[in-house]
Amino acid sequence: MMLSCSGLVVALLLTHARGFLNLSEDDVPEEWVLLHVVQGHIGAGNYSYLRLNHDGRIILHMRSLKGDADLYVSDETLRPSFDTYKLQSATCGQDVVVVSGDFARPVGIGIYGHPSHQESEFEMRVFYDQTVLQDPFDKGLFSSEDRHKQKKSPQAADEDFQEEESIFWTILIGLLKIILEILF
């Protein structure tokens, strides 16, 4: 009995997952707003990069029309790759990535042309999910610039200090050269 219930639950989940991945224009939930449609070609082993500035929960739905294009996403670099990414979808068909509203903007999107095909052709639809409610007291609502100022690491503070120190020494040495030139 337990085994048949588990089988039924798995079948139900697979049906929903398949429906999510095979989105046609009619299958998209009403709460999703289509923001952009991007079409392009990418050569084998190459990347094409896009930048996402829109806030909120974003769904990237890409399908390879020809060949095999893969999707890499990061909020740490504008040029994500298979070495540096936070989210990825590298399937042989439909690629779906959900970018949460927590990601710092701008978000880098890398589209990789798999080497198994000379050229890949893709179409990516970018949706905004309106179902996610924004908490007005959420700290994530600050602008991206404010968030970057708050996230400065101790290493970045050291680099700023070294840069200020370097400017100080440059000015001091310049003044000493002028004084020595006047005296001799």
Side-chain angles (χ1 to χ4, degrees), residues 6-7 9-132 140 143-145 147-148 150-156 159:
S6 298
V9 169
V10 168
L12 183 64
L13 288 173
L14 286 175
T15 303
H16 284 291
R18 187 176 43 142
F20 178 72
L21 292 176
N22 293 325
L23 290 175
S24 69
E25 290 186 27
D26 299 331
D27 296 337
V28 174
E30 288 182 20
E31 297 83 15
W32 289 9
V33 177
L34 180 64
L35 297 176
H36 302 285
V37 177
V38 179
Q39 294 181 334
H41 298 267
I42 187 79
N46 291 318
Y47 286 93
S48 182
Y49 294 104
L50 304 170
R51 179 186 302 208
L52 172 68
N53 291 317
H54 202 285
D55 288 327
R57 184 171 186 244
I58 304 294
I59 295 90
L60 304 174
H61 181 267
M62 184 178 74
R63 63 187 176 108
S64 296
L65 304 173
K66 182 178 118 184
D68 180 23
D70 297 328
L71 196 54
Y72 296 93
V73 178
S74 177
D75 65 346
E76 294 178 353
T77 178
L78 292 176
R79 294 184 170 269
S81 67
F82 52 77
D83 293 327
T84 57
Y85 65 88
K86 277 202 174 173
L87 301 171
Q88 72 156 342
S89 180
T91 64
C92 295
Q94 308 252 353
D95 292 296
V96 178
V97 171
V98 178
V99 180
S100 73
D102 297 353
F103 267 50
R105 299 310 199 254
V107 173
I109 301 170
I111 301 165
Y112 177 69
H114 197 273
S116 62
H117 300 278
Q118 193 71 355
E119 182 180 66
S120 297
E121 184 179 346
F122 64 90
E123 177 183 85
M124 182 168 52
R125 292 187 283 162
V126 181
F127 295 98
Y128 170 64
D129 185 359
Q130 295 178 327
T131 60
V132 179
S143 71
S144 297
E145 293 173 5
R147 195 175 300 149
H148 284 293
Q150 292 174 351
K151 286 186 177 178
K152 276 202 170 179
S153 65
Q155 183 180 6
E159 289 174 2

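Just so you know, these numbers use all the heavy atoms, side chains as well, and skip hydrogens, waters and symmetry mates. In what follows, residues are counted from 1 in the order of the sequence shown.
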When every non-hydrogen atom of N53 is compared with those of P106, the smallest separation belongs to OD1-CB, 3.1 Å
Sorted by chain and number, sequence neighbours left out, side chain to side chain donor-acceptor pair (under 3.5 Å) with Q39 holds for E123
Step by step, work out the side chain to side chain contact (heavy atoms under 4.5 Å, CB included) result for L87 and F103.
CA-CA 11 Å; L87 301 171; F103 267 50; 3.6 Å; yes
Taken in chain and number order and not counting sequence neighbours, the residues that satisfy ring-ring contact (aromatic ring centres under 6.0 Å, His included) with H54 are Y128
Residues at least two apart in sequence or cross-chain that pass side chain to side chain contact (heavy atoms under 4.5 Å, CB included) with D83, listed by chain then number, are S81
The side chain to side chain donor-acceptor pair (under 3.5 Å) partners of H41 (sequence neighbours excluded) come to none
Would you say that S74 contacts T84 through its side chain, given a criterion of any heavy-atom pair below 4.5 Å between the two side chains? no
By side chain to side chain contact (heavy atoms under 4.5 Å, CB included), A44 pairs with (sequence neighbours left out) none
- Please examine the side chains of F127 and H61, heavy atoms only from C-beta on, and report whether any two atoms are closer than 4.5 Å. yes
Taken in chain and number order and not counting sequence neighbours, the residues that satisfy salt bridge (charged side-chain N to carboxylate O under 4.0 Å, His left out) with E31 are none
Residues passing the side chain to side chain donor-acceptor pair (under 3.5 Å) test with S89, sequence neighbours excluded, are D95
What one should report as the nearest heavy-atom pair of P80 and G110 is CG-N, 3.5 Å
Distance col, row S64:OG vs H114:NE2, nearest 0.5 angstrom, shows 10.5 Å
Here the gap from H36 atom NE2 to L52 atom CG, rounded to the nearest 0.5 Å, amounts to 7.5 Å
Practice prompt. Determine, stepwise, if the pair L71 / I111 fulfils side chain to side chain contact (heavy atoms under 4.5 Å, CB included).
Written response: CA-CA 5 Å; L71 196 54; I111 301 165; 4.1 Å; yes
ring-ring contact (aromatic ring centres under 6.0 Å, His included) filter on Y47, not counting sequence neighbours, yields Y49, Y112
Test side chain to side chain contact (heavy atoms under 4.5 Å, CB included), reference L60, set L50, I109, V107, output is I109
Worksheet item: Any side-chain heavy atom of K86 within less than 4.5 Å of one from V97?
Response: no
Value for CD (E30) from CD (Q130), rounded to nearest 0.5 Å, stands at 10.5 Å
For residues 109-121, the salt bridge (Lys or Arg N to Asp or Glu O under 4.0 Å) pairs (sequence neighbours left out) are K66-E119
By salt bridge (charged side-chain N to carboxylate O under 4.0 Å, His left out), D129 pairs with (sequence neighbours left out) R57
For D70 and T91, the nearest pair of non-hydrogen atoms, with its separation, is OD1-O, 3.4 Å
